[in-house]
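For reference, the structure discussed in these notes is given below.
In this chain, numbering begins with 1 at the start of the sequence shown. Order of listing sets the numbers, starting from 1, for every ligand and every atom in it.
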Amino acid sequence: MNRQVLAFLSLLFINAAFAQIIYSVPEEMPKGSLLGNIARDLGLDIKRFISGKARIHTRSSDEYVELNRERGLLLVKEKIDREALCAETELCSLEFQIILENPIEFYMVTVQITDINDHPPTFEKGEIQFKISESAVTGATFVLERAVDDDVGINGVKKYDLKPSDHFALKLYNSADGNKNVEMVLQKPLDREKQEQINLVLTAVDGGEPQMSGTMQIVITVLDANDNAPVFTQKTYKATVTENSPKGTVVATVTASDSDEGSNSKITYSITNTQGNVRKSFEINPENGQVFLTGNIDFERNKHFQVNIGATDDGGLTDSCKIIVEVTDVNDNKPEISIMSKSNIISENVEINTVVTVINIEDLDSENNGKVECFIGENLPFILKSSSNNFYSLVTDSELDRERASEYNITVSCSDEGVPSLSSSVTLTLQISDVNDNAPVFERSSYEAYIVENNTPGLSIFTVKATDADWNQNARVSYILEDSSVNGVPVSSYVSVSADSGVIHAVRSFDYEQIKDFRFHVKAQDGGSPPLSSNVSVKILIQDQNDNPPQVLYPVQTGGSVVAEMVPRSAEVGYLVTKVVAVDVDSGQNAWLSYKLQKATDRALFEVGLQNGEIRTIRQVTDKDAVKQRLTVIVEDNGQPSRSATVIVNVAVADSFPEVLSEFTDSTHDKEYNDNLTFYLVLALAVVSFLFITCLVVIISVKIYRWRQSRILYHSSLPVIPYYPPRYSDTLGTGTLQHVYNYEVCRTTDSRKSDCKFGRAASQNVLVMDPSSTGTMQRMQGEKSILDEPDSPLEVSCL
Ligand SMILES: *[C@@H]1O[C@H](CO)[C@@H](O)[C@H](O)[C@H]1NC(C)=O
Ligand SMILES: *[C@@H]1O[C@H](CO)[C@@H](O)[C@H](O)[C@H]1NC(C)=O
């Protein structure tokens with residue numbers, strides 16, 4: 001250090017020639033440091049200094065410098081701080097005088113203080129803050145505080161440095177006061193989104209040696225500007241929604257972000273579609289971007305939607321995206337069945353495989369939900385054939401028969417394959433139209449009817465009925481009497497049939513004794529085209545009426561009865577006196593005869609067998625009994641009402657014929673006969689005699705005729721009684737007789753001997769007799785018969 005000072009001294013020595021000594025010393029020299037050898041520099045002897053009492057004269061109060069007289073040296077008395085002494089003045093010096101006395105001499109001494117770099121540049125604040133909008137344009141300047149350095153000259157602030165220098169550059173310029181001002185210039189746009197805060201360090205450096213520096217922090221806060229638009233996370237979103245989803249179902253959520261902050265990043269979502277269907281069906285929550293349903297979604301109308309969405313921040317910047325919404329089908333449509341043909345009538349004789357109708361099926365759903373299967377009920381004579389593409393034809397599968405089923409309710413059911421499956425059905429009512437394929441059918445395979453004889457002509461006998469399974473005209477039955485003949489007479493003269501009703505009427509009055517039954521056919525014919533018919537056999541049975549009274553065959557009743565039966569007085573009890581024989585041409589009960597004793601001379605002597613007509617004694621004959629006994633026997637049939645006939649039987653109780661004759665001649669006349677009667681009797685006798693002869697001739701000729709026909713001659717030793725057949729049935733139950741039957745009648749000429757012939761009642765109703773003892777013939781034809789038949793039985797009448 002001292003050497004340095006010395007170097008200065010030698011340099012400044014030249015200036016001393018101007019009688020002014022100038023020293024240049026650096027500041028901050030320690031106390032006692034040598035400033036200069038003033039004595040030598042003044043060319044004065046130390047003795048002179050001492051004698052001259054050399055001293056420093058200064059006006060300032062501060063004394064930095066002291067004079068060492070004995071050595072002639074100037075020394076630092078106080079440490080000299082240039083900055084304190086001169087502040088910013090660059091040329092800083094201490095000026096004082098050295099005064100000598102005896103003689104007075106004075107010398108000007110200037111001590112120049114040179115600066116040393118003992119102060120760094122400093123900033124007033126250690127940190128300054130800026131708030132700069134990110135939208136600030138490049139070139140914008142920001143004034144910075146300048147640094148201060150107490151040193152001067154080269155030791156003052158020399159330059160500034162700003163780090164980092166990405167965005168800003170420094171610009172220095174001289175201000176009016178001569179100082180250098182510092183500005184910061186924006187070189188490159190700021191981006192808050194990248195860097196919200198920038199920290200810079202401004203360094204000021206001086207020019208001293210060694211160099212010193214000072215720093216200041218610059219904190220820049222970048223303010224946001226709405227320089228970022230919202231951005232969706234995806235440009236296209238995909239979503240699926242099931243049709244018929246309820247309102248409010250969230251379909252998708254879109255998200256957009258905005259790098260700005262505050263209101264610049266507040267995003268509002270909206271749907272930007274203009275088509276109505278999207279607008280009606282979707283809505284978006286403007287705050288959170290949830291897209292939800294507001295209307296019904298129908299897959300069958302829209303299979304997908306494109307929802308356009310916009311996002312806007314408060315600064316008005318926007319972005320857009322779209323959501324492709326696929327609609328998922330739900331099985332919500334039933335199959336629709338439509339029947340194509342209008343006619344629902346089909347004839348019953350159509351062939352198998354005839355198409356009845358065509359059915360079209362439609363299901364609006366897709367895939368399996370729209371796949372449809374159809375079927376019809378079982379047990380129907382139809383099948384459903386699937387033809388092309390959703391068409392089915394209903395065809396007949398077997399023969400139709402209107403009579404079995406005139407109408408079919410065919411239910412066509414269709415169901416799709418969705419889960420759960422939907423189905424629908426349609427019922428087709430098919431009428432089967434009639435074809436005349438059924439003949440009329442009589443209710444019975446044959447008919448039998450009964451009619452009581454003596455009916456009034458026109459009486460309806462009964463009704464035949466036939467039914468026809470067909471319909472309407474095809475089932476309208478008419479009845480027709482088939483042509484045939486009964487006993488050679490057309491049946492139409494016996495009966496007629498009412499065409500509409502089938503009522504059978506009798507055309508004439510029938511006589512059982514003439515015809516007992518007959519048979520004919522009735523045809524039933526329907527109104528179809530061609531007509532169908534069938535026939536039935538009808539048998540009419542004529543029923544007997546009690547229209548004939550019994551006919552007494554024996555004893556023969558003549559005008560004057562002289563014939564008498566003989567009873568010997570020796571006759572035992574039960575002696576068969578005679579037998580009353582009667583017939584009835586009616587049949588059954590009407591011909592069931594009973595015999596009763598009506599009157600008798602002596603009721604106690606005889607009885608009549610109720611059924612056989614046998615007259616027997618019931619007690620021993622005595623001598624007291626009159627020879628001449630007269631019995632009146634009544635013969636009754638069993639008809640309702642019954643008819644009867646009476647017969648008088650004369651009995652002679654005698655042992656010999658002369659006795660009888662005498663008796664009968666003696667008392668020929670009863671008291672009831674008067675004289676006139678005698679005359680009539682004689683007359684009658686004569687007539688009878690004549691008739692007898694005539695009849696005898698006729699009978700002989702008839703007998704010859706009969707003989708030729710070799711009829712059975714029947715002999716019997718016993719009397720024949722009316723015969724009741726084994727299958728006789730009572731009339732009370734049914735009023736009818738099941739069978740027509742014949743009976744045989746014989747007449748006895750007396751109780752021990754009989755001789756009879758009989759004919760067949762069906763063909764010949766006349767019993768011809770040959771009562772040789774009486775020579776009479778009996779007509780047995782019913783009096784009421786209408787004898788108009790050509791083949792009327794042979795008939796002989798005798799009186
Ligand atoms: C068909 O349906 C109709 C109406 O339901 C009904 O009156 C008729 O009896 C049905 N026919 C058959 C054969 O079931
Ligand atoms: C009645 O019908 C049958 C067949 O059913 C037929 O053989 C017969 O000839 C018919 N008779 C008459 C009299 O028409």
Measure the spacing between CG of Asp416 and OG of Ser421 and express it to the nearest 0.5 Å.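 Going from the CG atom of Asp416 to the OG atom of Ser421 covers 4.5 Å.
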
Say you draw a straight line from CZ of Phe305 to CG of Asn273; how long is it, rounded to the nearest 0.5 Å?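 Between atom CZ of Phe305 and atom CG of Asn273 there are 10.0 Å.
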
Polar contact flag for Glu407 and ligand 1 (N/O pairs, less than 3.5 Å):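 Yes; at least one N/O pair falls below 3.5 Å.
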
Pairs of nitrogen or oxygen atoms closer than 3.5 Å, one from Tyr408 and one from ligand 1: do any exist?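 Not met; the criterion fails.
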
Give a yes/no verdict on a cation-pi contact between Lys235 and Phe232, requiring under 6.0 Å between NZ or CZ and the six-membered ring centre and an angle within 45° of the axis.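 Here Lys235 fails the 6.0 Å and 45° test against Phe232.
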
Determine, counting only non-hydrogen atoms of the protein, whether one lies under 4.0 angstrom from [atom].
atom: atom 7 (O) of ligand 1; result: no
atom: atom 14 (O) of ligand 1; result: yes
atom: atom 4 (C) of ligand 1; result: no

Of Leu428, Leu430, Ile410, Asn409, which has the heavy atom at the shortest distance from atom 12 (C) of ligand 1?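 The residue whose heavy atom sits nearest atom 12 (C) of ligand 1 is Asn409.
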
Using a strict threshold of under 4.0 Å (side-chain N to carboxylate O), is an ion pair present between Lys266 and Asp313?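 No.
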
Can we say Asp470 and Arg476 salt-bridge, meaning some charged N sits less than 4.0 Å from an Asp/Glu carboxylate O?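 No.
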
